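This report concerns only the one structure given below.
Side chains included, hydrogens not; waters and symmetry mates left out as well; all remaining heavy atoms used. As the structure is a computational prediction, the values presented were derived from the model and not from experiment.
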Amino acid sequence: MQRPDNSPASRGFDHVETWVFDLDNTLYPPACDLFAQVDRRMTAFIGEFLGVDPIEAKRIQKDFYIEHGTTLSGLMTVYGMKPDAFLDFVHRIDVSAVSRDAALGDAISRLPGRKVIFTNGSVAHAENVVRQLGIDHVFDGIYDIVTTAYEPKPRRRAYERFVEASGIEPSRAAMFEDIARNLEVPHEIGMTTVWVRPGIQGPERHHQISHEGAEGPHIHHVTEELTGFLHAACLSPSAAAK
C-alpha cells in the first residue's frame, strides 16, 4: 500500500468514503480516565495468573508494555497466555463516567459513507462504551485487537490487518486518533489523519502519551473538540483543508 502522490494534507474530506475512529479518549474525553480502571485490573490479572504480589505484577505489566508494545503481547509471548480471559477481565469496567453524547452521534451519523471503530481494545469494550455514549447505532463495524491478531497500533501490521479485514481503500479514508504516533502508518498508507488532541483536562500520563510523535507530516488536521470539528471540516460544504 503506497501513499498517493496527492498528499492528504493538501485536501479536505470530500474524497472520504470511510471514517475510522479510535475509541478510548477519542470518542469520549480523557478526563473520564477509564484506563485507570483497566490498569488496575491488568495488575490484578497478572498477580493471579503468575501468583505474584501486586508490586511484582505491576513491574511485569510495565516491563512488558515497554518490551513488547502491550502487556498482553508480553504475556502471550513469554508465558503463552491465551488472550480471551485477559481481555474479558481487564475490560470489565464501570463506564458511568462517560456521558451520553447525542450531538456527537448526530455528527457521525451525518458523515457520508461507512463509519467504523478501530481500537486496541476488545469489541465488547467498544460496545460497552458506545452504548454508554448513546451512539452505538451510528457505526457500521468495530475492528479490535482480535481483528489484528493481537498486533496493536502503532505497529504497521495492525493497520494492514485492519485494512484487509475491513476492505477499506486507505486513500479514501480518514482516521481520528488521540495518540499522535498512531497516525504515522495511516499517513504512510494514504489516509487523511485527524489528531484529536487532549485538552488540559485529564490524566497527565495520557497527555504525555498522546503528544508523543505529534510533530511531522503525518498529522493533517488537529482538533480538541471532535463534534465541532466534524461539523466545521467534514459536514460544512464550504469547509477547507488545513
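Screening Phe45, Phe49, Tyr150 against Phe86 for a ring pair (Phe, Tyr, Trp, His ring centres under 6.0 Å) leaves a single residue, Phe45.
In this structure a side-chain-to-backbone donor-acceptor pair under 3.5 Å is present from Lys115 to Gly113. Side chain of Arg41 to main chain of His91: no donor-acceptor pair is present (N/O by atom type, distance under 3.5 Å, no hydrogens or angles). The main-chain N or O of Ala214 is never found under 3.5 Å from a side-chain atom of Arg197 such that the two would form a donor-acceptor pair. In this structure a side-chain-to-backbone donor-acceptor pair under 3.5 Å is missing from Trp195 to Arg181. Under the 3.5 Å distance criterion, the side-chain polar atoms of His218 are left unmatched by any main-chain donor or acceptor of Leu183.
Under the 3.5 Å distance criterion, with hydrogens and angles disregarded, no donor-acceptor pair is assigned to the side chains of Thr223 and Glu225. For the residue pair His125 / Asp24, a side-chain donor-acceptor distance below 3.5 Å is found, with atom types taken as modelled. With 3.5 Å as the limit, one finds a donor-acceptor pair spanning the side chains of Asp178 and Thr26.
Taking the six-membered ring where tryptophan is involved, the planes of Phe64 and His68 are perpendicular, since the angle between them exceeds 60° and thus also 30°. Taking the six-membered ring for Trp and thresholds of 30 and 60 degrees, Tyr143 and Phe162 have ring planes more than 60 degrees apart, a perpendicular arrangement.
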**Study point:** Check against side chain to side chain contact (heavy atoms under 4.5 Å, CB included), Asp22 and Lys153
**Key:** CA-CA 10 Å; Asp22 174 54; Lys153 296 179 284 185; 3.0 Å; yes
Point to revise | Stepwise side chain to side chain contact (heavy atoms under 4.5 Å, CB included) check, Ile168 with Met191 | key: CA-CA 10 Å; Ile168 72 166; Met191 291 187 185; 3.5 Å; yes
Practice item. Could you go through the side chain to side chain contact (heavy atoms under 4.5 Å, CB included) check for Phe139 and Glu127 one step at a time? Key: CA-CA 10 Å; Phe139 294 103; Glu127 290 175 341; over 6 Å; no
**Study point:** From CA spacing to verdict: side chain to side chain contact (heavy atoms under 4.5 Å, CB included), Met175, Tyr159
**Key:** CA-CA 11 Å; Met175 184 162 182; Tyr159 300 92; 4.1 Å; yes
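The two residues Arg161 and Ala149 come nearest to each other via the heavy atoms NH1-CB, 3.5 Å. Asn120 and Pro152 make their closest contact through OD1-CA, 3.4 Å (heavy atoms, listed as atom of the first residue, atom of the second, distance). Between Cys32 and Ala97, the shortest heavy-atom contact is SG-O, 3.4 Å. The nearest pair of heavy atoms linking Leu27 to Leu104 is O-CD2, 3.4 Å. Minimum heavy-atom separation, Leu23 to Val129: CD1-CG1, 3.9 Å. Residues Ala233 and Phe13 come closest through the heavy atom pair O-CD1, 3.5 Å.
Atoms NE2 and CZ, from His15 and Arg172 in turn, are 7.0 Å apart once rounded to the nearest 0.5 Å. Atom CD in Glu212 sits 10.0 Å away from atom CG in Asn182 (nearest 0.5 Å). Atom SG of Cys234 sits about 5.0 Å away from atom CZ of Phe229, to the nearest 0.5 Å. Rounding to the nearest 0.5 Å places CZ of Arg92 at 11.5 Å from CG of Leu87. Going from atom NE2 of His231 over to atom CG of Leu226 covers 10.0 Å, rounded to the nearest 0.5 Å. Here the OG1 atom belonging to Thr43 is positioned 11.0 Å from the CG atom belonging to Asp53, to the nearest 0.5 angstrom.
Thr119 is not listed as a side-chain neighbour of Ile145, based on a closest heavy-atom distance of 4.5 Å or more. Side-chain contact between Met81 and Leu72: present, with at least one pair of heavy atoms (C-beta onward) separated by less than 4.5 Å. Between Ser166 and Arg114, the closest side-chain pair of non-hydrogen atoms falls below 4.5 Å. Counting only heavy atoms from C-beta outward, the side chains of Arg156 and Ile189 approach each other to under 4.5 Å. Between Pro198 and Asn25 there is no side-chain heavy-atom pair separated by less than 4.5 Å. Taking the side chain as every heavy atom from C-beta outward, Ile55 and Lys58 never approach each other to under 4.5 Å. A 4.5 Å side-chain heavy-atom check between Tyr28 and Ser99 finds every atom pair outside the cut-off. The shortest side-chain heavy-atom distance between Leu50 and Ile60 falls under the 4.5 Å cut-off.
The aromatic ring centres of Phe176 and Phe21 sit less than 6.0 Å apart.
There is no path of hydrophobic side-chain contacts, each under 4.5 Å, that joins Phe35 to Tyr65. Criterion: ILVMFWY side-chain heavy atoms under 4.5 Å apart, direct or through other members. Under it, Val16 and Leu235 are part of a common hydrophobic cluster.
The residues Glu160 and Arg157 are annotated as salt-bridged, a charged nitrogen and a carboxylate oxygen being separated by less than 4.0 angstrom. Ion pairing between a basic and an acidic side chain is recognised when a charged N comes within 4.0 Å of a carboxylate O; Lys62 and Asp39 show such pairing. At a threshold of 4.0 Å, the pair Arg59-Glu56 counts as salt-bridged, since one of the basic side-chain nitrogens sits closer than that to a carboxylate oxygen.
Dense packing is recorded around CD of Glu169, with more than 12 heavy atoms of other residues, nucleotides or ligands lying under 6.0 Å away.
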